[in-house]
Amino acid sequence: MRPERPADALPCDIDELRTLFLFEQLDDDQLRWLCRHGHVEHREPGPLYVEGEPADWFWVLLEGTVALSRRVGTDDVEVSRTSQRGVYGGATSAYLGDRTPQRYPHTMRVLAPSRFYALPAADFAELMTAWFPMAVHLLEGLFVGQRATQQAVGQRERLLALGALSAGLTHELNNPAAAANRATAALRERVAGMRHKLAMIADGPYDATTLGTLVDLQEQAVEALAKSRAPGAPPPPTALERTDAEDTVADWLDDRGIVGGWDLAPTFVTARLDPPWLDRVADAVAPGILEGAVRWLSYALETEQLMNDVEDATSRISSLVGAAKQYSQIGRAPDQTLDVHELLDSTLTMLERRLDGVEVVRAYDRTLPPVHVYGAELNQVWTNLIDNAAQAMEGRGTLTVTTRRVDDWLEVEVADTGPGIPPDVLDRVFEPFFTTKPVGSGTGLGLDIAWRIVVTKHHGDLSVRSTPGDTRFLVRLPYAPAAAGDPEVTA
């Protein structure tokens, strides 16, 4: 359906159209066709057309000044302004039909009283198809080919990222699983040894009072080990302090004729049991059974430590599986009101292997309210930003993830201490297929995808500033639910 010609349309002059670079090669019949199907309009300052509205007209500037702007979050960002006659905009892809959304890709504002030649989109499509069929085929091929290439490369990029994350997760799961297996095997040996010790106690010179004392000392030793691991406990000793403590305990054991003091000492030091505590053991039992009592206590401590190792390993496996589930948002609705810190933590956990050697600082404001987001896609943004930072730092430096609230925005800042982004390419980092990585190391779509997820999908903003040693990507998310029918983001 063609839009109606306005009642105040001005006469169209083919001689004026011929002076424009866009129409200078057309013959008189073609220029007359343009004047029959189009018209001239006078416009005062204000919007000529608005981004996102149906693209009904193809506009050409005859005289005046215009500015183009793009919507970024809640702001209109001006991308260019000009007074050059013949510049055009509006329904520039009408000839592609339903192969692309027929909406204005940006906003054009009139900055001074201006005149335009206006042609309905349907007539512009007919003109292009009839007068320039070869050009239309070439443009169609370029458009469709570029879109297909971008989709294919984007899928490849996601598969590569998924492969890297899977490899890292497998490695991280393998470590605690192997530790749990080793601890279980050692625990079996210690339990067998304790059964042997029980048989010796049953046959040995231990009366009820001595046994009661040993059991009490055993409980004290296990409690001391638990306190050494509890939250708020003093920090563990340094390697030098631990060596000195083991020497002291080993000397105490040697002085009392206990064989293999060097093997027993580390167990007591781990539980932070010193010679004064061992003196209580010596005072509680007869000298002839001191060695058996000490070894009994050592076995109890080793068994407890091994159970702690199994618990730590299985807890680590559980946390990794939980992080993977949180990262992938398995079983969750596409969009939810979520705590952004959970998303950031799950991504950092998934990328731990890539961050080896990097100090990670979480400068979170935990009081921030949850925000309505597409969790799985937002995790893709964190992955791209954090992985880029890790590659830039090459295993050394500091990654700082900061959250804060600014007005009605939730801000997430990902900062690294890498070499920085050169000033001459800083403005291009969000362009599709643009990359500063060596050939074969990147597709140049990671930041483009991140930008579209943040800006297009979440109506937020993504920006960057960089100097050597300080690169900061700033993500802004609005504290408002995403509108129904938001366009989907495709790679």
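Looking at heavy atoms from C-beta onward, L351 lies out of side-chain contact with W382 at the 4.5 angstrom threshold. Residues H372 and T337 meet the side-chain proximity criterion, which asks for heavy atoms closer than 4.5 Å. Counting heavy atoms from C-beta outward, V475 and V414 have side chains that stay 4.5 Å or more apart. Side-chain contact between R272 and P237 is present, with at least one heavy-atom pair separated by less than 4.5 Å. Counting only heavy atoms from C-beta outward, the side chains of S83 and T65 approach each other to under 4.5 Å. Between D123 and F58 the shortest side-chain heavy-atom distance does not fall below 4.5 Å. Looking at heavy atoms from C-beta onward, R404 lies in side-chain contact with E413 at the 4.5 angstrom threshold. Annotation: side chain of L385 is in contact with side chain of L447 (closest heavy-atom distance under 4.5 Å).
Counting non-hydrogen atoms of other residues, nucleotides and ligands closer than 6.0 Å to OH of Y88 gives a total of 12 or fewer.
Between the S346 side chain and the L343 main chain, a donor and an acceptor come within less than 3.5 Å of each other. Not one N or O on the side chain of Y49 forms a donor-acceptor pair closer than 3.5 Å with the backbone of W59. Judged by distance alone, the side chain of Y104 and the main-chain N or O of D56 form a donor-acceptor pair under 3.5 Å. Side chain of S228 to backbone of L225: a donor-acceptor contact under 3.5 angstrom is found. Side chain of H458 to backbone of Y374: a donor-acceptor contact under 3.5 angstrom is found. The closest donor-acceptor contact from the side chain of S114 to the backbone of A112 lies under 3.5 Å.
The shortest heavy-atom contact between F23 and L17 is CB-O, 3.5 Å. Heavy-atom minimum distance, L48 versus F116: CD2-CE2, 3.7 Å. Taking each heavy atom of A121 and A94 in turn, the nearest pair found is O-CB, 3.5 Å. Of all heavy-atom pairs spanning I386 and L348, the tightest one is CD1-CD2, 3.7 Å. Of all non-hydrogen atoms in H106 and L68, the two that sit nearest each other are CD2-CD2, 3.3 Å. Contact detail for G420 and S466: the closest heavy-atom pair is CA-OG, 3.3 Å.
A side-chain donor from one of Q391 and D387 sits under 3.5 Å from a side-chain acceptor of the other. Side-chain N/O atoms of R242 and T270 include a donor and acceptor closer than 3.5 Å.
Note on ring orientation: taking the six-membered ring where Trp is involved, the planes of W57 and H39 are perpendicular (angle over 60°, cut-offs 30° and 60°).
Using a 4.0 Å cut-off between a side-chain N of Lys or Arg and a carboxylate O of Asp or Glu, R115 and E16 qualify as a salt bridge.
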